[in-house]
Protein chains: 2
Amino acid sequence: MQANILIVEDDTILANDIAEMITPFASSTIAHDGENGELLGKNGIFDLAILDLMLPQENGYDVLGHWRTEQHLELPILILTAKDTLTDKLRGFNLGADDYLTKPFHREELIARIKALLKRSGLLSDETLLQVADFTIDLNRRTVTYKKQSLQLNGKEFDLLVYFAQNPNVIITKERIFDRLWGFESETALTVVEVYISNLRKKLKTVTADQSIKTLRNVGYLFEVNK
Amino acid sequence: MQANILIVEDDTILANDIAEMITPFASSTIAHDGENGELLGKNGIFDLAILDLMLPQENGYDVLGHWRTEQHLELPILILTAKDTLTDKLRGFNLGADDYLTKPFHREELIARIKALLKRSGLLSDETLLQVADFTIDLNRRTVTYKKQSLQLNGKEFDLLVYFAQNPNVIITKERIFDRLWGFESETALTVVEVYISNLRKKLKTVTADQSIKTLRNVGYLFEVNK
DNA sequence: AGTTTTAAGCTTCATTTATGGTTGATCCAC
DNA sequence: GTGGATCAACCATAAATGAAGCTTAAAACT
């Protein structure tokens with residue numbers, strides 16, 4: 001699966017420019033102000049966010065803060081801004097940013113930094129093996145093995161497991177799963193998620209006894225993995 | 001568990017300076033040239049490496065290259081160097097660096113970047129862990145432990161404890177609890193709060209004798225904690 | 001044929017309401 | 001001021017409720 005990047009940047013030209021540069025390895029969505037950016041990010045369907053600080057409606061610090069403290073989003077966040085003082089940088093890092101690049105910058109450096117972050121989360125397309133606990137997931141061949149036993153998963157079941165594997169030990173709401181796998185605009189009923197959870201659990205049960213997918217009623221699902 | 005950092009830097013003063021600054025959250029080992037640095041890194045005992053590029057014996061690019069391609073070391077690597085051209089940076093990232101900081105730099109920024117990298121690898125205590133008195137509350141997994149004993153709390157009980165833990169030694173009125181957990185507009189009767197206070201107290205009693213939730217009649221509740 | 005989606009019945013359990021009991025502040029008679 | 005009556009605030013338990021989630025199978029896509 002390709003990485004999915006959120007670009008929060010009010011400079012339309014720059015935003016489109018960035019979007020264009022990352023097409024070879026990621027898809028992207030652009031938000032032109034803080035409020036929209038925060039809202040989009042909340043969906044939890046992005047693997048990385050590029051965040052400007054000086055934005056209309058809501059500044060980047062607030063967006064970052066809300067994401068990290070209210071939504072507990074764990075996606076890597078790269079701040080891209082003209083604010084170049086030490087104080088600004090420290091504030092960004094303290095709020096939970098992963099990287100901080102100041103304008104003006106070389107496009108190639110931005111790309112390199114994005115790739116470095118994606119590589120860490122195992123999301124860069126040349127990094128095809130996702131290893132979590134006893135699962136080995138081959139994102140290119142779309143195959144799964146659990147302790148050497150291979151697992152036969154169909155499309156959405158596979159996507160679901162990948163999403164869990166990319167977010168182990170974090171609660172994921174049913175809505176997030178839905179948005180990520182079906183897209184916000186989908187007409188499908190939200191309850192499909194339950195069906196796929198059920199199917200996936202059944203298949204996992206054929207290879208392991210322990211239920212790694214926990215249900216937290218009224219909250220979400222949790223892929224529990226002991227490191 | 002403390003992080004263990006390798007500093008490969010020929011400037012003794014700087015190396016010691018860095019080592020000193022990270023002592024609060026990590027232990028460190030210093031190598032003064034590339035050859036020694038590479039050798040030390042090969043041990044695979046480090047959680048992060050800070051790597052200079054211009055080094056005696058063997059330059060940093062080679063060290064980095066060997067680590068990543070021959071040893072397949074996966075530790076995060078931060079390049080710290082005077083080489084500030086785009087070409088240098090790209091080369092560093094292409095060889096597998098995770099971050100690249102150019103000299104001169106602010107010590108605080110280096111620390112912030114190191115922490116950001118460690119946080120990603122789960123080696124820096126996560127701030128989603130809420131520690132109050134003997135309680136450890138994991139906001140991501142919605143789990144609670146009291147002195148190592150785990151506590152099973154359902155949705156609203158957990159939310160209530162979190163609210164208290166975020167406001168220790170402060171009086172909270174019943175109305176504020178209600179507004180926070182149920183929302184202003186809720187149709188529910190205010191007395192649910194009492195029910196949940198009761199339930200929470202009962203569950204807390206299974207792990208500790210002392211009543212930390214005090215009632216202040218006609219005023220509110222108080223989560224009493226001796227710091 | 002294989003995958004995705006909907007539908008339907010069923011189970012579970014968090015939430016809410018209801019009930020009766022306890023506490024403790026306030027008032028008043030003595 | 002002492003003792004009792006009163007009353008509202010609060011506690012504890014339990015039952016009711018209903019929404020959330022599970023499972024299966026059939027329908028509708030591809």
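The basis for the numbers below is simple: all heavy atoms, side chains too, and nothing from hydrogens, waters or symmetry mates. Numbered from 1 within each chain, the chains take letters A, B, ... in sequence-line order.
Among residues at least two apart or in separate chains, side-chain hydrogen bond (donor to acceptor under 3.5 Å, both in side chains) pairs with a member in residues 30-40 of chain A are Asp33(A)-Asn36(A), Glu38(A)-His66(A).
By the 6.0 Å contact criterion, CD on Glu70(B) is enclosed, its count of non-hydrogen atoms from other residues, nucleotides or ligands being greater than 12. Counting non-hydrogen atoms of neighbouring residues, nucleotides and ligands closer than 6.0 angstrom, the NE2 atom of His106(A) reaches no more than 12 such neighbours.
Side-chain contact between Val144(A) and Phe135(A): present, with at least one pair of heavy atoms (C-beta onward) separated by less than 4.5 Å. Between Val63(A) and Trp67(A) the shortest side-chain heavy-atom distance falls below 4.5 Å.
Taking side-chain N and O atoms only, Trp182(A) has no distance below 4.0 Å to OP1 or OP2 of dT4(C).
Counting to the nearest Å, the P atom of dT6(C) and the OH atom of Tyr196(A) are 11 Å from each other. Atom-to-atom, CG of Asn199(A) to P of dA26(D) comes out at 15 Å; the value is rounded to the nearest Å. In this structure, Leu200(A) places its CG atom 12 Å from P of dC22(D), rounding to the nearest Å. The separation between Lys205(A) atom NZ and dT24(D) atom C1' is 14 Å, rounded to whole Å. We find that CG of Leu190(A) is positioned 13 Å from C1' of dA19(D), with the value rounded to whole Å. Here the C1' atom of nucleotide dT6(C) and the CZ atom of Phe178(A) are 13 Å apart, to the nearest Å. dT17(D) atom C1' lies 16 Å from atom CD of Glu187(B), rounded to whole Å. Atom CG of Leu181(B) is separated from atom C1' of dA14(C) by 13 Å (rounded to the nearest Å).
Under the 4.0 Å criterion applied to side-chain N and carboxylate O atoms, Glu108(A) and Lys89(B) are not assigned as salt-bridge partners.
Within residues 149-165 of chain B, no residue approaches DNA chain D, by heavy-atom distance under 4.0 Å.
Under the 3.5 Å distance criterion, the side-chain polar atoms of Asn59(A) are left unmatched by any main-chain donor or acceptor of Leu53(A). Panel note: side chain Glu157(A), backbone Asn154(A); a donor-acceptor pair is recorded below 3.5 Å.
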N/O to N/O distances under 3.5 Å, protein versus nucleotides 9-11 of chain D:
from, atom 1, to, atom 2, distance (Å)
dA9(D), N3, Arg217(B), NH2, 2.9
dC10(D), OP1, Asn218(B), N, 3.0
dC10(D), OP2, Lys174(B), NZ, 2.6
dC11(D), OP1, Arg201(B), NH1, 2.8
dC11(D), OP1, Thr215(B), OG1, 2.4
dC11(D), OP2, Tyr221(B), OH, 2.7

Hey, what are the protein-to-nucleotides 27-30 of chain D N/O distances that come in under 3.5 Å?
none

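Taking the ring centroids of Tyr196(B) and Trp182(B), they lie under the 6.0 Å cut-off.
Taking the C1' atoms of five terminal pairs at each end of the helix from dA1(C)-dT30(D) to dC30(C)-dG1(D), the two resulting helix axes are inclined by 30°, rounded to 10°.
Taking the six-membered ring where tryptophan is involved, the planes of Phe164(A) and Tyr221(A) are perpendicular, since the angle between them exceeds 60° and thus also 30°.
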Candidate pair Arg180(B) and Gln166(B), rule side chain to side chain donor-acceptor pair (under 3.5 Å), full reasoning:
CA-CA 12 Å; Arg180(B) 159 93 177 223; Gln166(B) 285 170 343; 2.9 Å; yes
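With sequence neighbours left out, Arg120(B) forms a side-chain hydrogen bond (donor to acceptor under 3.5 Å, both in side chains) with Asp98(A).
Each of Lys147(A), Gln131(A), Lys148(A) was evaluated against Thr136(A); a single residue qualifies, Gln131(A), per the side-chain hydrogen bond (donor to acceptor under 3.5 Å, both in side chains) test.
In this structure, Arg91(A) fails the cation-pi test against Phe93(A), since its NZ or CZ atom is not both closer than 6.0 Å to the six-membered ring centre and inside 45 degrees of the ring normal.
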